[in-house]
Amino acid sequence: GAVVSQHPSRVICKSGTSVKIECRSLDFQATTMFWYRQFPKKSLMLMATSNEGSKATYEQGVEKDKFLINHASLTLSTLTVTSAHPEDSSFYICSALWGFSGNTIYFGEGSWLTVV
Amino acid sequence: AQSVTQLGSHVSVSEGALVLLRCNYSSSVPPYLFWYVQYPNQGLQLLLKYTSAATLVKGINGFEAEFKKSETSFHLTKPSAHMSDAAEYFCAVTSRGGGSNYKLTFGKGTLLTVNP
């Protein structure tokens with residue numbers, strides 16, 4: 001199957017700093033990528049939909065100024081957590097849609113963010 | 001609006017026994033349905049998907065699921081559980097739209113434990 005890679009897999013940052021997580025589709029072009037957040041022993045919560053060349057669409061309750069999403073190319077989307085706080089600590093997972101009218105979404109390995 | 005209900009947050013089976021993980025969906029339009037597996041501290045791996053072709057879908061690792069429109073169900077089964085099947089399983093639904101309309105709505109997950 002298609003491969004989606006996230007980097008870094010684990011990151012620790014100090015409170016008040018910003019941290020960037022990258023999501024790459026390695027063997028296909030993804031016009032649409034999705035960013036999820038997962039709390040321990042919980043399901044995935046969709047944060048935003050990232051579209052190549054346009055602004056991301058955020059889900060209700062997600063602060064767009066805090067969670068900056070950029071989809072600069074057909075193979076790369078980035079999530080930047082700005083002014084991070086301990087409550088932002090979580091597992092962040094991206095996924096990429098394969099094909100414009102495709103019907104399969106592939107997920108990255110996830111990134112653990114710990115804010116201290 | 002779409003939703004997914006996974007009955008049973010935790011299912012425990014013996015090695016070699018039948019695995020049955022339940023998923024019921026709600027969708028106002030014909031759905032696409034997916035099962036994903038998540039191992040600890042990892043992203044999601046696609047097990048199988050239903051996209052309006054055959055109602056009995058075979059996936060990886062010996063899993064299969066049957067789409068039953070009359071019951072709005074998409075239960076996941078495996079005839080004989082293996083220790084390596086122990087993981088969290090998520091059922092997901094989306095509508096048959098393209099691009100950014102292709103959002104996955106996840107169930108809360110079912111933790112499968114396999115006992116020796």
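Below, chain A is the first sequence line, B the second, and so on; all start at residue 1.
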Given a strict heavy-atom distance threshold of 4.5 Å, which part of [X] is in contact with chain A: side chain, backbone, both, or neither?
X: L46(B); value: side chain
X: Q6(B); value: neither
X: F90(B); value: side chain

Margin query: Heavy-atom cut-off 4.5 Å, strictly under: side chain, backbone, both or neither for Q38(A) against chain B?
Written below: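 Only the side chain of Q38(A) comes within 4.5 Å of chain B.
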Cut-off 4.5 Å, heavy atoms of chain B, and the answer for E52(A) is neither
Legend entry - Backbone N/O of G107(B) and side chain of S43(A): donor-acceptor pair under 3.5 Å: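 Yes.
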ask   = Which atom names give the shortest non-hydrogen contact between F91(A) and Q38(B), and what distance separates them?
value =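 Reported closest heavy-atom pair: CE2-NE2, 3.6 Å.
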Shortest non-hydrogen contact between L44(B) and F107(A), atoms and distance =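 L44(B) and F107(A) have their closest heavy atoms at O-CB, 3.4 Å.
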| query | In Å and rounded to the nearest 0.5 Å, what is the CG to OG1 distance from L46(A) to T105(B)? | reply |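 One finds 8.0 Å between CG of L46(A) and OG1 of T105(B).
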[X] side chain near [Y] side chain, heavy-atom distance below 4.5 Å:
X: L44(A); Y: Y36(B); result: no
X: L104(B); Y: Y36(A); result: yes
X: R10(A); Y: N41(B); result: yes

task = Is it possible for you to say whether V11(B) and F63(B) belong to one hydrophobic cluster, with membership spreading through side-chain heavy-atom contacts below 4.5 Å?
result =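 In one cluster with V11(B): F63(B), yes.
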Hey, any chance F34(A) and I93(A) share a hydrophobic cluster, counting ILVMFWY side chains that come within less than 4.5 Å of each other, even indirectly? yes
Review point. Around atom NZ of K66(A), are there more than 12 heavy atoms of other residues, nucleotides or ligands at under 6.0 Å?
Key: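 It does: K66(A) NZ has more than 12 such atoms within range.
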